[in-house]
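Read through the structure below, which is laid out as structure tokens, and then see the notes.
Values below: every heavy atom of this structure, side chains too, minus hydrogens, waters and symmetry copies. By convention in this document, chain letters (A, B, ...) are assigned in the order of the sequence lines, proteins followed by strands, and residues within each chain are numbered from 1.
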Amino acid sequence: MAQIYAYIEHHDGVLDDTAMELVVAGKKIAAGPVTAIVTGSGIDAVASEAAKIYPEVIKIDTPALAYPNAEVIRKALVNILPSGAIVLLPHGPFGMDLGPGLSIKMDSSFASDIVDIEGTDGNLVKLIRQEFGGVVSVHVTSDISSGAVLCVRPGAMAPDESKSASGKITDKSGDAGDLSANRKFLEIVEPEAGDVDITKADVLVSIGRGIEDQENIGIAQELADAMGAVVSCSRPIVDAKWLEPARQVGTSGNTVKPKVYMACGISGSFQHLGGIKGGFIIAINKNPNAPIFQVANVGIVADILEFMPALTEKLQG
Amino acid sequence: MEILVCVKRVPDTAENEIEMNSAGNDIERDDLVYSVNEWDNYAVEEAIQIVDKVGGSVTVVTVGDEDSDEILRREMAMGAEKGLLATDDAFSGSDCKGIATILKGVVAKGQYDLIMTGAQADEGYGAVGGMLAAMMDVPYASLVNKVDVQDGKLVIGREIQGGSQEMNEITLPCVLSIQTGINEPRYVGIRGIRKVSSVEIPELSASDLGVDAGSVGEAAAKVKKVDYFVPEKGEGAEMLEGSTDEIIEKLIEILKANGGLK
Ligand SMILES: Cc1cc2nc3c(=O)[nH]c(=O)nc-3n(C[C@H](O)[C@H](O)[C@H](O)COP(=O)(O)OP(=O)(O)OC[C@H]3O[C@@H](n4cnc5c(N)ncnc54)[C@H](O)[C@@H]3O)c2cc1C
């Protein structure tokens, strides 16, 4: 069995939660140690944290890696990893940037947005993915005979929070090789603050593509007014410019923690759910199989364009 | 600027209720309604806007069969000048790497400064653009939500966590995967599609593209779908049932109990 590596994301000196998830993913592929890879500049503290989770940690510490530019990190990994390596990445904006190209350069197989791993059968690792917004799941095999790059959905694996390892840290900064690249990081632009701060709201009436038309936004606003709530939304509503970006909930929007989150015409994609941290979730959706009903506390199968005005009317008495 | 945009025909999730077939190993595919992958419309729109600013032309390409003709024409009606259909029995069953290999053949037949894909399509791998770039040895950026053309290079924004934007400088030629929301894709009506209905769309086979048939298709695929299934459902939500009035009564009680009414 090839050696398994997990790429550790970290932000402002803190390990990403996926560090505790990829170690679990690795063990689902095969018994045996999973090696963490930590890259950056001045990352001793981060490497030590990773060593509490992983028995082996490879550290690549050089100013060229101060910002995690996937094009540069790919070069370092290709120089450092043995051929046939199995590399685990979080399936997020960084993993999506790095993974596909890395698999080509390593001449290995590639699969992403993996939600579970059912072990290995000979040269085939058995993966579970989802399609159509999570309405159906798919068994997928990936041939790992010449290695693999596998991107695992954040939050899909129950994390190993034991921090019981006392891993050995190996410094491979000297082996990273030529780190020049034709893509140069310039700066991070933070999102503009909007007129509303949905992260502070106790009650959110959140609308998704089920609202169907810009003209129907008023229906949600009227309900929110009657409830004393704030209107938030899923991403397609912001993409369509029907509401401002400050109202978006999800991994590429805001993380909210209201007392009550009422999801109206929202299917429940993992990127959307990634922005809801706690609270009582009420889901209203016309499709009884919508994945949102798996995570909601209370569900109602209804057409929101009829149900929301009816609820508003009742509340207004 | 010569721009190639790679597009895909996918089941339209807004138009279909996805259900399992009777054998329970695949989704029901009869009667599925197809359209252009959502992300690809943003990529084509961005390409058209770039060409409007700096000149050049937009070509759209898909790997598919004759059914893909309509999506190519839709994107041409948006303003792409040319359409290309890469089609060959040898292509069927390709995994992401197979598709990228075919597209590399397409790229080699033209003179493109910029290649775009959608950030992901129906299967959600988000892989073809990054693989293509690595095969071509040109730089790549994913989840692009801003493109600014400069002399021999681009300044691009990438979407990262929490709505932050990562700005980069990238040299040409390059491959970008485009994220939704970067622009507002223009509307195309039946009229626009009719206008391009007689434009010839060249078909390109494996041999036309110089692609070794053994390097693509099902036999070369290292990643394979086994079957579809519906996962065991957890406990899930407590479903409120009854007439609308009864449901609303119960819901108001639940809202009150959880601090959902002021
Ligand atoms: C990198 C990346 C980042 C992303 N970040 C985010 C993010 O931060 N936030 C986010 O939300 N998404 C994000 N997405 C998009 C995400 O994958 C989904 O596409 C999106 O969340 C779907 O939004 P939705 O649930 O409103 O729409 P859909 O998935 O289309 O669901 C609409 C739902 O409405 C129901 N419906 C339709 N009509 C009615 C009606 N009349 N009455 C009742 N129900 C109805 C349907 O049954 C369906 O369940 C991201 C995607 C990517 C690739």
Side-chain angles (χ1 to χ4, degrees), chain A residues 71 92-93 96-97 99-101 103-105 109-113 131-133 135-143 181-191 202-203 209 227-228 238-239 241 245 248 251-253 259-260 280 282-283 287 293-294 296-301 307 310-311 314, chain B residues 13-14 17-18 20 27 96-97 122-127 130-131 133-135 139-143 157-161 163-171 180-181 184 222-231 233-234 236-240 244 247-248 251-252 254-255 258-262:
Chain A
E71 296 277 293
M96 291 176 82
D97 217 27
S103 77
I104 295 300
K105 294 298 181 192
S109 67
F110 174 83
S112 60
D113 198 12
E131 282 184 21
F132 302 110
V135 176
V136 288
S137 294
V138 194
H139 287 116
V140 172
T141 59
S142 185
D143 184 333
N182 290 322
R183 179 177 131 197
K184 201 171 89 197
F185 167 71
L186 300 174
E187 59 169 337
I188 300 287
V189 180
E190 302 295 343
D202 278 340
V203 187
R209 191 133 47 190
M227 289 172 64
V238 171
D239 284 343
K241 314 268 190 291
Q248 182 185 321
T251 53
S252 59
K259 284 185 190 148
V260 173
F280 191 87
I282 299 165
N287 178 3
F293 288 131
Q294 286 306 301
N297 300 87
V298 163
I300 298 165
V301 177
F307 189 86
L311 177 58
K314 188 81 181 183
Chain B
T13 43
E17 284 265 333
I18 302 295
M20 294 295 291
I27 58 165
C96 298
K97 186 177 177 186
D122 54 337
E123 294 181 81
Y125 281 107
M131 289 181 166
M135 288 175 180
Y140 172 66
S142 65
L143 296 168
R158 289 188 62 239
E159 175 183 293
I160 55 171
Q161 281 89 354
S164 300
Q165 193 180 36
E166 178 197 283
M167 302 305 296
N168 293 268
E169 202 174 87
I170 192 165
T171 59
T180 57
E184 289 177 77
K222 285 188 171 181
V223 177
K224 292 196 166 103
K225 254 178 222 183
V226 181
D227 60 0
Y228 284 78
F229 66 104
V230 177
K233 293 228 163 93
E238 175 202 339
M239 301 303 288
L240 302 188
T244 303
I247 291 176
I248 287 177
L251 179 59
I252 289 175
I254 290 168
L255 284 170
N258 290 283
L261 287 180
K262 282 197 179 146

At a 4.5 Å cut-off on heavy atoms, which part of [X] comes close to chain B: side chain, backbone, both, or neither?
X	value
D97(A)	both
S137(A)	both
V140(A)	both
F280(A)	side chain
Q294(A)	both

Next item on the list: Using salt bridge (charged side-chain N to carboxylate O under 4.0 Å, His left out) as the criterion, list what pairs up with E159(B), not counting sequence neighbours.
Entry: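 Testing E159(B) for salt bridge (charged side-chain N to carboxylate O under 4.0 Å, His left out), a comparison that skips the adjacent residues, returns R235(A).
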Which atoms of [X] approach chain A - backbone, side chain, both or neither, heavy atom under 4.5 Å:
X	value
T180(B)	both
I160(B)	both
A141(B)	both
I254(B)	side chain
A127(B)	both
K224(B)	both
I252(B)	side chain
L143(B)	side chain

Which one, [options], leads in non-hydrogen pairs under 4.5 Å with chain B?
options	answer
A310(A), G299(A), G228(A)	G299(A)
G253(A), G133(A), G99(A)	G253(A)
D202(A), D143(A), L186(A)	L186(A)

Next item on the list: Check V298(A), V301(A), I300(A) against F293(A) for a side-chain contact (heavy atoms from CB on, under 4.5 Å) and give me the one that passes.
Entry: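 Single side-chain contact (heavy atoms from CB on, under 4.5 Å) partner of F293(A) among V298(A), V301(A), I300(A): V301(A).
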Check: Any side-chain heavy atom of T141(A) within less than 4.5 Å of one from V223(B)?
Finding: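 No, their side chains stay 4.5 Å or more apart.
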Next item on the list: Determine whether E238(B) and N297(A) make a side-chain contact, defined as any pair of heavy atoms from C-beta on separated by less than 4.5 Å.
Entry: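 When only atoms from C-beta onward are counted, N297(A) and E238(B) do not touch, as no gap falls below 4.5 Å.
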Notebook entry, point to check: Would the number of heavy atoms belonging to other residues, nucleotides or ligands and lying under 6.0 Å from NZ of K259(A) be above 12?
Noted result: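 Counting other residues, nucleotides and ligands, NZ of K259(A) stays at 12 neighbours or fewer.
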Note to self: Apply side-chain contact (heavy atoms from CB on, under 4.5 Å) to residues I27(B) and F132(A) and explain how you reach the verdict.
What the structure shows: CA-CA 10 Å; I27(B) 58 165; F132(A) 302 110; 3.3 Å; yes
Margin query: Please report the interatomic distance CE(M239(B)) to CD1(I247(B)), rounded to the nearest 0.5 Å.
Written below: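 Interatomic distance, M239(B) CE to I247(B) CD1, rounded to 0.5 Å: 9.0 Å.
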Next item on the list: Indicate yes or no for a side-chain donor-acceptor contact from R158(B) to the backbone of Q165(B) under 3.5 Å, with no hydrogens or angles considered.
Entry: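 Checking the backbone N and O of Q165(B) against the side chain of R158(B), no donor-acceptor pair under 3.5 Å is found.
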Margin query: Could you check whether any side-chain N or O of S112(A) sits under 3.5 Å from a backbone N or O of Y125(B), counting only pairs where one atom can act as donor and the other as acceptor?
Written below: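 Yes; at least one donor-acceptor contact below 3.5 Å.
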Check: What residues, two or more places apart in sequence or in another chain, satisfy side chain to side chain donor-acceptor pair (under 3.5 Å) together with E187(A)?
Finding: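 For E187(A) there are no side chain to side chain donor-acceptor pair (under 3.5 Å) partners, ignoring immediate neighbours.
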Note to self: Let's test your reading of the structure: which of T244(B), I18(B), N168(B) forms the most heavy-atom pairs below 4.5 Å with chain A?
What the structure shows: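 So the answer, after comparing T244(B), I18(B), N168(B), is N168(B).
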